[in-house]
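Report on the structure given below.
Start at 1 and go down the list; that is how both ligands and their atoms are numbered. The chain is numbered in sequence order, starting from 1.
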Amino acid sequence: MLHPATDILKKVVEKTGTPVMIYDEERIRTRISEYLDNFKSDKFETRVLYASKAFCSGYTARMANEAGMYFDCVSGGEVYCLTTNGVPVSKLYFHGNNKTPREITEYLGKGRGHIVVDNADELGLIAKIAEEEGKPADILVRVNPGVEAHTHEYIATATKDSKFGISIDKKDEILEMVETVNASSQLEFQGFHAHIGSQIFAASSFEGEIQAMFDFIEEMVKAHGVTVNELDLGGGFAIQYTDADDPDDIPTVCKRMITNCECQMETRGLDIKIICIEPGRSLVGDSGYTIYTAGCRKKTDSKEYLFIDGGMADNIRPALYGAEYQCTNLTRETEPATKNYVIAGKCCESGDVIIKEAPLPESYPGDLILVYSTGAYGYSMASVYNKLGRPPVVFVNGDSARVVLKREDYKELEALETNESIF
Ligand code: LLP
């Protein structure tokens, strides 16, 4: 696996210390272009939404916005980060299964954007607030196509009992939601949304989703007279975490999806105006790296531990999903691997293991350990467990580097402390 030039990485570490998260800016730009250049059709408009939950920062918001992307956001915090960094609300798709009145009011107040509605309760709330405030919005209804994608239970979203969306089988419920939208003077129904899960390797899973969605839309249009302008197929495209992962590349997946959609549209005589996808992980995941400093080592009867100065606080994925990562010892890259270390963090928890078996050369305290592909859902799911504070985030571009998020140090953590009487 590749990483930016070792001397640049070492220079970053000299400035910031460890742990530090580093992104290769050029690689993110390449990923953005791979999507924008290949998810294209002359039969319908295409939109690529950056699922900002994968890593939400002002810097990435500006990058993706300048490149011409749209955005998937799921909270007031994400909406705030995106809009304060120049993203117009017209480029936002507001997701989530339980948007709060505050989030809805603030979002509507920013201008006309898309809202992806998860359930009838939520729709009632959105319609009421939009009416009261006199603010319009474009609506997609999230349906759950029931397509099994082979991925971890916690990141599979389209199983029958999922908390997300309305099951595709519940046509009456969905039609009722479309009617509620159409009855509103402020809301305009645009179409449907689906998302089948995350870290999906097989392009065929997306073809299954497309098939299911077109079956459904054809029935909605022909049997029930629903006008469908937009179809949003969600995200979920896999990346390489270790040498064992071999996902289809982005251009291939995009082209297959486009051909599939064009074909479905033509054979069914449908005229959907806009088709969207929402990649998150695959835009930033394999462009991000975490560098730690190795500290103490320990041998047990069957294991050899190499402890690092971060862990589950900056990367919860191994503990939460059994996610696998690969690393290299940046200090001894030319030396052959002679050991099989357990790379464990410094949090007070046995499950705080980042890599269960890492083939590395004999490693020493002070060595720099780089973990690959930590760019998605690493920082965004980080906690401050054990008051570790989140690492700084640095963007490297050729031979220059800039800090885009500062280290969360003792003072930043202390800034939240208060002793203010509230009644
Ligand atoms: N659209 C919707 C509606 C989603 O729920 C998600 C991810 C995406 C798009 C982007 O999916 P991606 O292209 O990044 O796979 N924390 C988990 C992943 C959770 C994904 C949540 N939704 C992880 O670390 O693997």
Ligand 1 contacted by S282 (non-hydrogen, < 4.0 Å): no

Test salt bridge (Lys or Arg N to Asp or Glu O under 4.0 Å) on K128 and E132; report intermediate values, then the result. CA-CA 6 Å; K128 180 170 165 284; E132 284 164 5; 3.3 Å; yes

In ligand 1, which numbered atoms sit nearer than 4.0 Å to a non-hydrogen atom of A51? 8 (C), 9 (C), 10 (C)

May I ask you to check whether Y50 and Y35 place their ring centers less than 6.0 Å from one another? no

Examine K99 relative to F94 and say whether NZ or CZ is less than 6.0 Å from the centre of the six-membered ring and inside a 45° cone about the ring axis. yes

Closest heavy-atom approach to atom 9 (C) of ligand 1 among M381, E278, Q199 is made by E278

If we set the cut-off at 4.0 Å for heavy atoms, which region of L320 has an atom near ligand 1: side chain, backbone, both, or neither? neither

What part of Y321, side chain, backbone, both or neither, has a heavy atom within less than 4.0 angstrom of ligand 1? side chain

Students often mix this up, so state it plainly: with edges at 30° and 60°, are the rings of F189 and F192 parallel, tilted or perpendicular? perpendicular

Under a heavy-atom criterion of less than 4.0 Å, does A54 contact ligand 1? no

For the pair H114 and Y93, name the ring-plane relationship: parallel under 30°, tilted 30 to 60°, perpendicular over 60°. parallel

May I ask you to identify, for R281, whether its side chain, its backbone, both or neither come under 4.0 Å of ligand 1 on a heavy-atom basis? both

